[in-house]
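Note sheet for the following structure.
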Amino acid sequence: MNFFSYQNDTLCAESVRLVEIAERFGTPSYVYSRAAIEFAYREFDQACSGRDVLICYSVKANSNLAVLNVLARLGSGFDIVSGGELARVLAVGGSATKTVFSGVGKSVAEMRAALQTGVLCFNVESEDELERLAKIAAELGKIAPVSLRINPDVDPRTHPHIATGLRETKFGVPYEDAPRLYRKAASMPSLQVAGIDFHIGSQLTEIEPFVAALDKALEFNDALGATGIRLQHIDLGGGLGIRYRDEKPPTLKDYLGQLFGRIGNRKLKVLFEPGRSLVGNAGLLLTRVEYLKNGDARSFVVTDAAMNDLLRPALYDAWHEVLPVLRRNGPAQRYDIVGPVCESADFLARERALTVAPGDLLAIMSAGAYGMTMSSNYNSRPRPAEVMVDGKTAHLVRDRESTEDLFASERLLP
Ligand code: LLP
């Protein structure tokens with residue numbers, strides 16, 4: 001299914017021409033397709049039918065309230081990593097009892113807020129965290145449901161910056177420590193052992209690392225069961241890759257089929273924390289060409305979007321397709337697509353053949369996940385507007401920041 005397509009040589013989001021969006025809301029702007037998000041969620045949900053599953057959308061991928069609300073209306077749960085993400089979920093009517101709290105550095109205030117709202121589970125990542133949680137839950141007179149995030153020491157074969165399941169990363173508790181920590185958790189009156197969790201990395205394009213991690217978690221579950229600690233759920237994290245260029249990520253049917261096959265008829269609810277696979281290809285970054293700059297060594301298209309708006313190319317050398325919003329005739333030339341930020345790493349794409357002129361609009365594709373959420377104000381650049389298209393209508397779902405917004409909370413010395 002393609003929710004961004006050319007109609008008479010002009011690129012559209014669902015039925016809305018991107019030219020019209022640029023005229024109404026300006027550039028750079030993130031543009032999302034509601035239908036694309038709904039399609040991705042329903043596809044995941046339907047592929048799980050017949051199993052006891054909860055999909056917990058990973059809020060960090062795209063935390064715009066409209067995106068969260070579209071997913072909440074479909075019945076999605078959420079995976080959060082901060083008090084800020086919890087507040088967003090609650091603000092859109094998301095359900096705390098369908099929300100899991102992940103992350104290595106939960107603060108006291110964040111734990112309190114999550115306990116007060118009654119989240120489904122804390123995915124605990126260290127012994128210190130377990131002790132802090134037990135103490136705070138006891139103070140509040142609550143019982144905290146916990147999973148331990150185990151580090152299965154599996155190579156996810158993805159970019160090193162987004163690999164999390166290897167021993168040398170900061171994530172999870174070492175596999176060997178987990179039995180002792182489960183016994184400890186089970187002995188603490190303010191904790192309730194609820195499940196087991198892993199998340200081995202992001203943008204995985206093979207099933208084997210997921211299966212290897214799951215096998216370790218299942219082995220663990222079975223051994224725990226034999227000691228009388230019965231887990232209610234197993235959380236397989238997120239990480240399923242998408243197609244940016246020519247990757248061939250597993251189909252949902254294969255991915256889920258293999259995982260469910262391993263779990264067999266164990267009485268475990270299965271949680272997933274997909275982020276990118278639900279929203280990555282449901283968004284693009286719309287930008288306008290400011291200048292063309294022809295050099296001896298390279299030629300550049302200078303756009304009004306930059307690394308502060310979309311960091312992935314600079315940070316991970318990530319490849320995003322670049323499409324002209326209006327197709328032009330004429331010979332193509334090879335360009336690096338760069339922004340106005342004062343860093344050599346400020347590029348959106350390299351070595352792309354384009355027929356382009358100043359003033360043209362470009363769409364940086366597959367920017368729905370880890371786009372706006374990783375944006376910054378570097379170089380005092382206001383962050384883009386966000387627009388969600390729903391059929392024939394484009395809705396502004398976040399105002400473009402104003403320059404005044406950027407320093408509204410700063411103070412001069414007396
Ligand atoms: N669960 C946990 C505990 C996570 O840390 C993550 C992502 C997810 C779920 C969702 O993973 P997904 O399904 O989206 O792969 N900024 C990087 C990706 C960082 C992923 C961080 N954790 C990027 O732009 O590629």
Side-chain angles (χ1 to χ4, degrees), residues 30 37 40-41 44 54-63 67 71 76-82 85 99-106 119-126 129 147-152 156-166 169-173 195-206 209-210 213 217 234-245 247 249-250 252 255-256 259 271-283 285 307 309-320 348 364-376:
Y30 276 98
I37 298 171
Y41 180 87
F44 205 119
L54 178 63
I55 302 171
C56 296
Y57 166 66
S58 193
V59 173
K60 63 176 86 64
N62 186 326
S63 56
V67 171
L71 288 163
S76 183
F78 296 94
D79 160 51
I80 56 164
V81 289
S82 68
E85 289 187 350
T99 297
V100 294
F101 194 173
S102 306
V104 294
K106 301 175 193 79
V119 296
L120 173 65
C121 193
F122 289 84
N123 292 338
V124 170
E125 304 219 15
S126 66
E129 184 191 335
S147 275
L148 287 186
R149 173 167 175 183
I150 54 160
N151 184 327
R157 300 200 282 259
T158 183
H159 189 284
H161 287 183
I162 51 177
T164 49
L166 277 170
T169 69
K170 68 177 175 181
F171 297 100
V173 298
I196 187 165
D197 164 52
F198 64 82
H199 169 81
I200 53 175
S202 200
Q203 184 54 17
L204 272 66
T205 51
E206 295 165 299
F210 289 111
I234 180 162
D235 180 338
L236 313 190
L240 184 61
I242 61 167
R243 186 171 199 147
Y244 285 96
R245 186 180 194 177
E247 302 88 339
L252 274 173
Y255 163 74
L256 295 171
L259 296 176
L271 272 51
F272 291 98
E273 302 171 357
R276 191 190 318 262
S277 58
L278 296 187
V279 295
N281 275 325
L285 176 60
M307 67 185 285
D309 304 305
L310 179 64
L311 185 61
R312 304 192 69 258
L315 193 58
Y316 315 118
D317 222 359
W319 195 96
H320 288 258
L348 299 172
I364 318 294
M365 305 304 291
S366 309
Y370 308 108
M372 188 64 173
T373 49
M374 291 175 73
S375 65
S376 77

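Not measured: the values here are computed from a predicted model. As the structure lists them, so they are numbered: ligands from 1, and atoms in each ligand from 1. Only this structure's heavy atoms are used, side chains among them; waters, hydrogens and symmetry mates stay out.
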Results of ring-ring contact (aromatic ring centres under 6.0 Å, His included) for Tyr370 - residues two or more places apart only: none
Taking Glu85 first and then Lys60, would you say they form a salt bridge - that is, a charged N and a carboxylate O separated by under 4.0 Å? no
Ligand 1 N/O to protein N/O, distances under 3.5 Å:
unit_1	atom_1	unit_2	atom_2	d
ligand 1	1 (N)	Asp79	OD2	3.3
ligand 1	1 (N)	Glu273	OE1	2.6
ligand 1	5 (O)	Lys60	NZ	3.4
ligand 1	13 (O)	Gly239	N	2.8
ligand 1	13 (O)	Gly275	N	2.9
ligand 1	14 (O)	Arg276	N	2.8
ligand 1	14 (O)	Tyr370	OH	2.6
ligand 1	15 (O)	Ser202	OG	2.4
ligand 1	15 (O)	Gly239	N	3.3
ligand 1	16 (N)	Tyr316	OH	2.8
ligand 1	24 (O)	Arg312	NE	2.6
ligand 1	25 (O)	Arg276	NH1	3.1
ligand 1	25 (O)	Arg276	NH2	2.8
ligand 1	25 (O)	Arg312	NE	3.3
ligand 1	25 (O)	Arg312	NH2	2.9

Do the ring planes of Phe272 and Tyr255 sit parallel (below 30°), tilted (30 to 60°) or perpendicular (above 60°)? tilted
Those residues that, when tested against Phe171, pass ring-ring contact (aromatic ring centres under 6.0 Å, His included) (two or more places apart): none
Over 60° means perpendicular and under 30° means parallel, so classify the ring planes of Phe122 and Phe101, tilted if in between. tilted
Checking Tyr41 now: which residues fulfil ring-ring contact (aromatic ring centres under 6.0 Å, His included) with it, not counting sequence neighbours? none
